[in-house]
Number of protein chains: 2
Amino acid sequence: MTKQRKVILEELHKVTSHPTADMVYEMVRKRLPHISLGTVYRNLEDLADQGEIRKLSIDGTRMRFDGNPEEHTHIRCIVCGRVDDIHFAPTVSMQDSISDNGYKILGHKLEFYGKCSECRKKDEIMKAKEKKRKSKD
Amino acid sequence: MTKQRKVILEELHKVTSHPTADMVYEMVRKRLPHISLGTVYRNLEDLADQGEIRKLSIDGTRMRFDGNPEEHTHIRCIVCGRVDDIHFAPTVSMQDSISDNGYKILGHKLEFYGKCSECRKKDEIMKAKEKKRKSKD
DNA sequence: ATATTAAATAATAATGATTACTATTACTGA
DNA sequence: TCAGTAATAGTAATCATTATTATTTAATAT
């Protein structure tokens with residue numbers, strides 16, 4: 001556990017925003033200005049391998065990281081891309097309900113998507129403006 | 001609907017392997033040897049926007065594409081990376097069970113992971129070899 | 001304390017997936 | 001036929017990630 005790794009883990013524990021590697025780099029750089037991006041990547045990888053954090057592949061081309069290694073569910077805004085944790089208790093064990101397909105099932109990833117309250121608010125504002133504009137014609 | 005787009009869609013409908021853009025390119029190239037990779041990317045994007053196909057972000061850094069646009073569940077092998085469709089019927093509407101978080105929920109992505117039968121078979125073979133080797137000592 | 005070894009780092013280069021750009025080609029309607 | 005539009009092929013640029021390498025740090029033995 002080097003100084004760098006320690007700070008990376010600490011910073012990741014501070015937030016619930018599921019940052020990308022680059023975001024983690026910026027966060028950590030405030031405390032360790034000389035840390036290199038490669039070090040951030042390597043430590044995030046190692047921490048994920050050890051089960052201390054989680055790697056999430058939810059927005060396509062870039063990885064996101066979650067300081068909470070517990071299996072839990074995410075919700076992503078399709079407009080702004082933010083990712084939040086949600087509490088979701090499956091009524092039956094989902095994994096038990098799919099057995100006879102040859103796979104040995106080890107876990108699952110569940111992600112809901114929709115519009116977050118902020119983006120919905122912005123939609124309202126846009127609609128109001130639109131209405132105003134039209135009434136002027 | 002250009003010739004290129006038509007062939008891309010047809011080839012994607014032929015398989016259940018959830019190919020990457022590059023794999024689609026190779027598949028399509030057999031029929032249209034002069035198609036460019038950029039055209040494949042653009043059409044996959046457009047087809048996904050129109051809801052004809054689905055973009056999947058399940059293996060981290062690269063996108064995969066699914067000729068079946070219906071909401072359904074995937075299972076991925078953590079060893080070889082293959083992705084299969086599975087039939088999964090949630091007992092209650094999962095989306096209804098998470099409401100009061102400010103999000104307007106539009107859908108979900110569910111992915112199970114585990115080991116596919118082929119990789120498990122390989123494991124067995126490896127174990128058998130290991131045993132044999134040890135008994136020789 | 002000092003030398004020795006291994007591991008981790010910073011800085012940089014290389015890779016791989018995706019996107020952007022541009023000249024050319026194919027289509028469409030007058 | 002011809003002008004105008006849209007899509008394409010080919011290529012360059014970008015962005016995220018991984019690999020490389022010399023240097024630094026930490027740990028261990030002398």
Side-chain angles (χ1 to χ4, degrees), chain A residues 1-12 15 17-67 76 78 80-83, chain B residues 1-12 15 17-67 76 78 80-83:
Chain A
M1 178 64 71
T2 63
K3 185 176 47 185
Q4 287 87 346
R5 173 170 304 189
K6 190 165 162 286
V7 172
I8 288 168
L9 190 54
E10 281 172 5
E11 291 300 312
L12 209 44
V15 297
S17 56
H18 310 79
T20 61
D22 199 62
M23 292 167 186
V24 174
Y25 176 55
E26 291 304 330
M27 288 153 62
V28 171
R29 226 139 73 100
K30 293 192 177 114
R31 288 172 60 189
L32 302 174
H34 294 292
I35 196 169
S36 91
L37 182 57
T39 300
V40 173
Y41 269 102
R42 183 169 25 73
N43 279 298
L44 287 171
E45 192 67 34
D46 292 349
L47 287 166
D49 285 348
Q50 296 164 227
E52 300 252 19
I53 66 172
R54 259 185 194 247
K55 265 177 97 170
L56 313 175
S57 55
I58 46 187
D59 74 351
T61 50
R62 52 210 274 181
M63 282 292 181
R64 285 171 171 270
F65 297 87
D66 190 337
R76 175 177 50 90
I78 58 169
C80 66
R82 64 178 284 169
V83 177
Chain B
M1 178 63 71
T2 62
K3 185 176 48 184
Q4 286 86 344
R5 174 170 303 190
K6 191 164 163 286
V7 172
I8 288 168
L9 189 55
E10 282 171 5
E11 290 300 311
L12 208 45
V15 297
S17 56
H18 310 81
T20 62
D22 199 63
M23 292 167 185
V24 174
Y25 176 56
E26 290 305 329
M27 287 153 64
V28 171
R29 227 139 72 102
K30 295 197 175 106
R31 288 172 61 188
L32 302 173
H34 294 292
I35 197 168
S36 91
L37 182 56
T39 300
V40 173
Y41 270 101
R42 182 168 28 71
N43 279 298
L44 287 171
E45 191 68 34
D46 291 351
L47 287 166
D49 285 348
Q50 295 165 226
E52 300 253 19
I53 66 172
R54 261 185 191 246
K55 263 177 97 168
L56 313 176
S57 56
I58 45 187
D59 73 352
T61 50
R62 53 210 272 180
M63 283 292 182
R64 283 170 172 271
F65 297 87
D66 191 339
R76 174 178 51 90
I78 58 169
C80 66
R82 65 177 285 169
V83 177

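Within every chain, numbering begins at 1; the chains are lettered A, B, ... in the order of the sequence lines, protein sequences first and strands thereafter.
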Whole-Å gap separating [atom2] ([N]) and [atom1] ([X]):
X	N	atom1	atom2	answer
B:Arg5	D:dT8	CZ	C1'	12 Å
B:Ile35	D:dT11	CD1	P	16 Å
B:Met1	D:dT8	CE	C1'	16 Å
B:Lys6	C:dA26	NZ	C1'	17 Å
A:Asp46	C:dT9	CG	C1'	13 Å
A:Leu32	C:dA11	CG	P	12 Å
A:His34	D:dT25	NE2	C1'	15 Å

Legend entry - Contact check, side chains of B:Ile8 and B:Ile35, non-hydrogen atoms, under 4.5 Å: yes
Inset, instruction - State, with a plain yes or no, whether a side-chain heavy atom of A:Met63 is found less than 4.5 Å away from one of A:Ser57. - result: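 Side-chain contact under 4.5 Å: yes.
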Looking at [N], I'd like to know if its phosphate oxygens (OP1 or OP2) sit under 4.0 Å from a side-chain N or O belonging to [X].
X	N	value
B:Gln4	C:dA26	no
B:Thr2	D:dT8	yes
B:Arg42	D:dT8	yes
B:Thr39	D:dA9	yes

Inset, instruction - Let me see the working for B:Glu52 and B:Leu12 under side chain to side chain contact (heavy atoms under 4.5 Å, CB included), right down to the final yes or no. - result: CA-CA 11 Å; B:Glu52 300 253 19; B:Leu12 208 45; over 6 Å; no
Inset, instruction - To the nearest 0.5 angstrom, please state how far the CG atom of B:Leu56 sits from the OG1 atom of B:Thr20. - result: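 So the CG of B:Leu56 and the OG1 of B:Thr20 are separated by 11.5 Å.
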Legend entry - Nearest-nucleotide comparison on DNA chain D, the residue closer to the 5′ end among B:Pro33 and A:Lys3: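 Its nearest nucleotide lies further toward 5', so the answer is B:Pro33.
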Identify all pairs in which a protein N or O lies below 3.5 Å from an N or O of nucleotides 16-20 of chain C, and state each distance.
unit_1 : atom_1 : unit_2  : atom_2 : d
C:dA17 : OP1    : B:Arg62 : NH1    : 2.7
C:dT18 : OP1    : B:Met63 : N      : 2.8
C:dT18 : OP2    : B:Tyr41 : OH     : 2.3
C:dT18 : O5'    : B:Tyr41 : OH     : 3.2

Legend entry - Under-4.0 Å salt bridge between A:Glu11 and A:Lys30: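 Here A:Glu11 does not pair with A:Lys30 in a salt bridge, since their nearest N and O are not under 4.0 Å apart.
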Inset, instruction - Could you list the residues that satisfy side chain to side chain donor-acceptor pair (under 3.5 Å) with B:Glu45, not counting sequence neighbours? - result: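 Per chain and number, B:Glu45 pairs via side chain to side chain donor-acceptor pair (under 3.5 Å) with B:Lys55.
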Legend entry - Closest contact, heavy atoms only, B:Val40 versus B:Tyr25: CG2-CD1, 3.9 Å
